[in-house]
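Input: a single structure, listed below in structure tokens.
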Amino acid sequence: MSKLIPAIQLYTLREYIQTPEGLELCFKRIKEMGCDVVQLSRVGSMIPADFITDLTKEYEMEICVTHSPLERILNDLPKLIEEHKSWGCNSIGLGNPTRWYLDDGYEGYCRFIKDLEPVIKELKANGMTFAYHSHTFEFVKYHGKYMYDFLIEETDPETFHFIQDSFWMKWGGINHIKYIKKVKNRMEVMHVKDYTTRLDHFHFVEGITGTIGEGNIYYPPILDACEETGVKYLAIEQDRCLRDPFECLEDALVALKQLIQN
Amino acid sequence: MEDLKIAAQLFSFRSYCRNSKDVLETLSRIREMGYDGVEIEGVDKIIDANSLAQHLKKIGLKVCSTRSRLSRVELDFTGMVEEARLFDCQNVGIGTIPADYAFNNPQGWQQYIEYINTVAKRFSAKGLRATYSVEAHEFIKFSDCGLRAVYTFDEQQFKKDAAGSYGFDSIVDGTESEKLFFELDTFWLAKAGVSPADIIRQLVGRIKVIRFRDQRIAESSYDFFYPVKEDCEVGKGVFDFASLFPVLKESGVEWISIGQNYFTRDPFESMSTSLKQIQIIKDGYKI
């Protein structure tokens, strides 16, 4: 039996977590589903950090990582660190670099890595980590090498960590297991969802984000690789739900727990 | 397994196959690049099979498979058998499931499978292997037929169907393993989101030709979440071909067919690069 812990990535419920009441309701429902860990992402910016702290205590909810806005990571770090500490979370995550960097291709990434250096240093001093969430666009080649490999090699392995995503790796046709192994001990949280296919309006096959257990990703070897490389949490995420997102998450959680047990 | 050979997909050179002279010249150039064979497709109306076969023999290029649409079976069965005899090639492609079988519902698949079983039997009687081309629509769950899910969404039905199976399962289970064979294509398998190695393992002995196509991730100027996935030389893109070789070794595959649908430079140059890339990987596995 594996030690991987299922978590819920709140991005899936982004429409429900813009108010304090909504966030509380989500915590309650996630708890009822049988899940004790969440990732904060897209939480309404008007919700006070203290309120979230209280919620985590009241519902005994663990926060494994967050997706924080890049502007805050760069310009409001001390406060962000303080908030994370009050939530008992020691990893500040980034959903994706902004277009301020991405539009400049290779130069943009170099600037991104450079701009983050003081952040990484500060986090290191606080015993925390930074977590970069990847999609597919990091697999553009510059100077004969994937940007993702630059990110792995040009950053501090101790503090610059990664959040990979099973769907986006699949979407690009990338060998996910190989990349899980490349970030050994540098990924505590991985995003999991399924790759479901359907015919689009022009009868082409398209891959869309789906509920775990309903799509085409074969998970056992992926989970084995996760365990070998020190992944702790599998955060269930589904960008686009074709039915009630809570039901999607609930079904995915049941399926994921089964996968973990086997 | 020492004889895992490499072929070029003639479809990749379709713009260099406009007339019979072009076809012959293109084939010669494919041979010069160092390919062992070729996948013949779409030239039956351009050049007669006899002179094609003669030329192939002269230049020493083998045929790994012929590919036709399913409709040709009814229109020109003898022609297909004759081609196979002339080209000394047992693998006769019969395409993928046509859209008129409404491939997103189980009934359509059942009808198709019944028909294709008779087709496979006819070829089998001639000593040939009818070969189905696997694309991506085989891996759509019957529940996910797009339009219905969006417009006439029925939650109860969705839950019932979500547990359902793929067209792929029905065709693998519903046909005879010695009569119907499969041709895989790495590009389509990636599109479907399945792991090629798993599919190859499911079809041990039933794949004689596997097509290698690659894709690279390119910058998109308008939406970085959906970068462009474009065709590129095999081995230059994101697919991990090296990881397939250990599986290929056990699966009974005889041919790797290299293909690329769209080119950003001279197709002959690109296909030559692809061949070299795959040879390097293949030599690494000593098969």
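The chains referred to below are lettered A, B, ... by the order of the sequence lines, with proteins before strands, and numbering in each begins at 1. Source: prediction; values computed, not measured.
A side-chain donor-acceptor contact under 3.5 Å links A:Thr197 to the backbone of B:Phe139.
Neither the backbone nor the side chain of A:Tyr148 comes within contact range of chain B; no heavy atom of the residue lies under 4.5 Å from a heavy atom of that chain. Interface remark: B:Ala218 contributes backbone atoms only to the contact with chain A (heavy atom separation under 4.5 Å). Residue contact with chain A, scored on non-hydrogen atoms closer than 4.5 Å, involves the backbone and the side chain of B:Lys191 alike. Looking at A:Asp194, there are no atoms closer than 4.5 Å to chain B (heavy atoms on both sides), in backbone or side chain. Both the backbone and the side chain of B:Ser195 have a heavy atom closer than 4.5 Å to some heavy atom of chain A. For A:Trp168, the part lying near chain B is the side chain, with the backbone staying farther off; criterion is any non-hydrogen pair under 4.5 Å. Using a 4.5 Å cut-off between heavy atoms, A:Phe204 makes no contact with chain B at all.
B:Arg201 and B:Ser251 are not linked by any side-chain donor-acceptor pair at a separation below 3.5 angstrom, with hydrogens and angles left out of the test. Between the side chains of A:Tyr219 and A:Asn262, no donor-acceptor pair is found at a separation under 3.5 Å. Side-chain contact check for B:Glu138 and B:Tyr132: at least one donor-acceptor pair (N or O, by modelled atom type) lies under 3.5 Å. Residues B:Thr273 and B:Arg265 have side chains that bring a donor and an acceptor to within less than 3.5 angstrom of each other.
At most 12 non-hydrogen atoms from other residues, nucleotides or ligands lie less than 6.0 angstrom from NZ of B:Lys236. Residue-environment remark: CZ (B:Arg14) exceeds the threshold of 12 foreign heavy atoms within 6.0 Å.
Contact count against chain B (heavy-atom pairs under 4.5 Å) is highest for A:Trp171 among A:Phe137, A:Tyr218, A:Trp171, A:Phe139. Interface remark: of the candidates B:Pro227, B:Gly193, B:Pro196, B:Ser243, B:Gly193 forms the most heavy-atom pairs closer than 4.5 Å to chain A. Ranked by non-hydrogen atom pairs under 4.5 Å with chain B, the options A:Leu102, A:Ile208, A:Thr211 are led by A:Leu102. Highest contact tally toward chain A, considering only B:Leu189, B:Asp214, B:Thr186, B:Asp198, is held by B:Asp198 [criterion: heavy-atom pairs under 4.5 Å].
Taking the centre and axis of the six-membered ring of B:Trp255, the NZ or CZ atom of B:Arg211 falls outside the cone set by 45° and 6.0 Å.
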